[in-house]
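A quick write-up on the structure given underneath.
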Amino acid sequence: MCGRYALSSPVQALEVQFEAEAQVLLAPRYNIAPTTPVPVVRNGGAGRILVLHRWGLVPAWSREPGAGAPMANARSETVAEKPAFRGPFRRNRCLIPADGFYEWRAVPGGKQPFFIRAAEGVLAFAGLWDRWEGPEGTLDSCTILTTAAQGPMARIHDRMPVILAREAYAQWLDPATPPDVLKGLLRPCPEAWLRMHPVDRRVGSVRNDDPGLVEPLPGEPFDA
DNA sequence: CCAGACGTTGTT
DNA sequence: GTCTGG
DNA sequence: CCAGACGTTGTT
DNA sequence: GTCTGG
């Protein structure tokens, strides 16, 4: 699963890695939660753009945005069939940049959060977006695809975000890519792309947002 | 035909 | 919007 | 994802 | 316990 992540890389670095034109300014964020606006890379009029979408998909046919359960994630195994995701899977695919993401492991007496970061550069989550239009205006929203966790990740949690290689960005974003090719991209990424370590429980509260959240927790036994 | 649903996760 | 259930 | 809230009535 | 907010 992926329900909290961090992105502090400068927007210029994102423009280079994703070959996209940023249409927003970004402040560093170390505790990004569902329902907040997040940067996504998607096709714009003339090329790739980096824009903000609400994290938690609101389908175009929703009666009220915010009604119904939050859809921060979509299972990659069923995304092509589920009514809420099928349309966006065909037409509205996006990349969601992240330095890394948090997962919580149940331990006696509570939950221990871990930060799983990119071994190098910035991660690209596979995402979908949709546009809801109501009387009050337009809401662009997005969701992060998940897949089975593999390797050391699996000791913390059984799901993880789909993370794409740079070589896959164009295929994922191209509306003409056949569904069977897309499905081939929806796999757990190689273990070598990730590093992980326990972090302070402060990350649990979304009110906390500082660089200390992603730092390794001193003295914490780490057998993941 | 119309009405109603449309999601994931973790925990028990 | 599109599918399912009645 | 976790943290935090969770309510009505009548009176001013 | 369950929903809402971030």
Side-chain angles (χ1 to χ4, degrees), chain A residues 1-7 26-39 52-92 96 98-117 123 125-134 138-149 153-163 175 179 186 188 196 198-210 212-214 217 224:
Chain A
M1 165 58 172
C2 179
R4 211 75 75 79
Y5 71 96
L7 179 64
L26 299 180
R29 293 168 72 193
Y30 302 92
N31 203 351
I32 299 174
T35 74
T36 66
V38 301
L52 295 177
H53 284 14
R54 177 194 193 268
W55 183 15
L57 196 83
V58 178
W61 41 259
S62 289
R63 290 181 179 272
E64 290 292 332
M71 294 190 264
N73 297 113
R75 296 178 63 86
S76 59
E77 296 90 339
T78 55
V79 78
E81 289 83 33
K82 293 289 184 182
F85 302 130
R86 182 180 39 207
F89 180 67
R90 281 199 306 253
R91 296 180 298 275
N92 298 335
I96 301 177
D99 296 335
F101 55 99
Y102 299 98
E103 298 283 3
W104 282 258
R105 178 167 68 174
V107 296
K111 296 170 186 169
Q112 175 60 52
F114 287 75
F115 186 59
I116 299 96
R117 66 171 178 86
L123 299 174
F125 295 152
L128 309 175
W129 66 277
D130 208 349
R131 172 166 294 171
W132 180 87
E133 291 178 282
T138 296
L139 174 65
D140 285 339
S141 62
C142 63
T143 191
I144 295 171
L145 302 203
T146 63
T147 185
M153 266 291 320
R155 301 218 198 169
I156 300 174
H157 200 62
D158 64 344
R159 305 290 296 176
M160 64 185 287
V162 174
I163 296 166
L186 303 180
M196 68 182 77
V199 293
D200 197 286
R201 284 174 158 80
R202 286 191 309 116
V203 71
S205 174
V206 295
R207 290 174 306 186
N208 297 318
D209 184 353
D210 59 82
L213 298 181
V214 301
L217 191 62

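Convention: sequence-line order gives letters A, B, ...; per-chain numbering from 1. Side-chain atoms are counted along with the backbone in the values below, which use heavy atoms only and exclude waters and symmetry mates.
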**Asked** For atom P, what is the distance between B:dG4 and D:dG10, given to the nearest Å?
**Response** 35 Å
**Asked** Which whole number of Å gives the distance between the P atom of B:dT11 and that of D:dA3?
**Response** 13 Å
**Request:** Have a look at A:Asp158 and say if it touches a base, only the backbone sugar-phosphate, or nothing, with a 4.0 Å heavy-atom cut-off.
**Result:** sugar-phosphate
**Asked** Mind checking the C1' distance from D:dG7 to E:dC3? Whole angstroms is fine.
**Response** 15 Å
**Message:** According to side chain to side chain contact (heavy atoms under 4.5 Å, CB included), who are the partners of A:Lys82, at least two apart in sequence or on a separate chain?
**Reply:** A:Thr78, A:Phe85
**Prompt:** Partners of A:Arg90 by side-chain hydrogen bond (donor to acceptor under 3.5 Å, both in side chains), sequence neighbours excluded?
**Reply:** none
**Prompt:** So what does A:Thr35 touch, heavy atoms closer than 4.0 Å: a base, only the sugar-phosphate, or nothing?
**Reply:** base
**Between CE on residue A:Met160 and CD on residue A:Glu103, distance to nearest 0.5 Å** = 8.5 Å
**Asked** Between which nucleotides of DNA chain D, read 5' to 3', does contact with chain A run, using atoms under 4.0 Å from its heavy atoms?
**Response** D:dC1 to D:dG4
**All salt bridge (charged side-chain N to carboxylate O under 4.0 Å, His left out) counterparts of A:Asp99, not counting sequence neighbours** = none
**Complete:** The first and last nucleotides of DNA chain C lying within contact of chain A, meaning any atom under 4.0 Å from one of its heavy atoms, run from C:dG1 to C:dC3
**Item:** Residues in ring pair (Phe, Tyr, Trp, His ring centres under 6.0 Å) contact with A:Tyr102, at least two apart in sequence or another chain
**Value:** A:Phe115
**Nearest-Å distance once atom C1' is located in both B:dT9 and D:dC2** = 12 Å
**Prompt:** Taking atom types as modelled and ignoring hydrogens, do the side chains of A:Thr146 and A:Arg159 form a donor-acceptor contact shorter than 3.5 angstrom?
**Reply:** yes
**Message:** Using a heavy-atom cut-off of 4.0 Å across all strands, would you classify A:Ser76 as base, sugar-phosphate, or nothing?
**Reply:** nothing
**Prompt:** Just by distance, do the side chain of A:Arg155 and the backbone of A:Arg105 share a donor-acceptor pair under 3.5 Å?
**Reply:** no
**Request:** Could you tell me whether A:Ala74 contacts a base, only the sugar-phosphate backbone, or nothing, with contacts defined as non-hydrogen atoms closer than 4.0 Å?
**Result:** sugar-phosphate
**Message:** Reading 5' to 3' and counting Watson-Crick or G-U wobble pairs with both distances under 3.5 Å, write the dot-bracket notation for DNA chain B, | for bases paired outside the strand.
**Reply:** ||||||......
**Fill in**
Residues at least two apart in sequence or cross-chain that pass side chain to side chain contact (heavy atoms under 4.5 Å, CB included) with A:Ala80, listed by chain then number, are A:Phe89, A:Lys183
**Prompt:** Considering residues at least two apart in sequence or located in another chain, which fulfil the side chain to side chain contact (heavy atoms under 4.5 Å, CB included) criterion with A:Asn92?
**Reply:** A:Pro88, A:Trp129, A:Asp130
**Message:** The criterion is side-chain hydrogen bond (donor to acceptor under 3.5 Å, both in side chains); which residues satisfy it with A:Arg29, sequence neighbours excluded?
**Reply:** A:Thr36
**Sugar-phosphate only, base, or nothing, as touched by A:Ala33 at under 4.0 Å among non-hydrogen atoms** = base
**Message:** Taking any heavy-atom pair under 4.0 Å as a contact, classify A:Tyr102: base, sugar-phosphate, or nothing.
**Reply:** nothing
**Request:** Tell me what A:Trp61 touches on the nucleic acid: a base, only sugar-phosphate, or nothing, going by heavy atoms under 4.0 Å.
**Result:** base
**Message:** What contact category does A:Thr143 fall into here, base, sugar-phosphate, or nothing, at under 4.0 angstrom with non-hydrogen atoms?
**Reply:** nothing
**Request:** Return the set of residues passing side chain to side chain contact (heavy atoms under 4.5 Å, CB included) with A:Arg91 (not counting sequence neighbours), or none when no residue passes.
**Result:** none
**Item:** Distance, P atom - from D:dT8 to E:dG5, rounded to whole angstrom
**Value:** 16 Å
Under 3.5 Å, which donor-acceptor pairs do the side chains of residues 52-60 of chain A form with other protein atoms, sequence neighbours left out?
| unit_1 | atom_1 | unit_2 | atom_2 | d |
| --- | --- | --- | --- | --- |
| A:His53 | NE2 | A:Arg42 | NE | 3.1 |
| A:Arg54 | NH1 | A:Gly56 | O | 3.0 |
| A:Trp55 | NE1 | A:Ala72 | O | 2.9 |

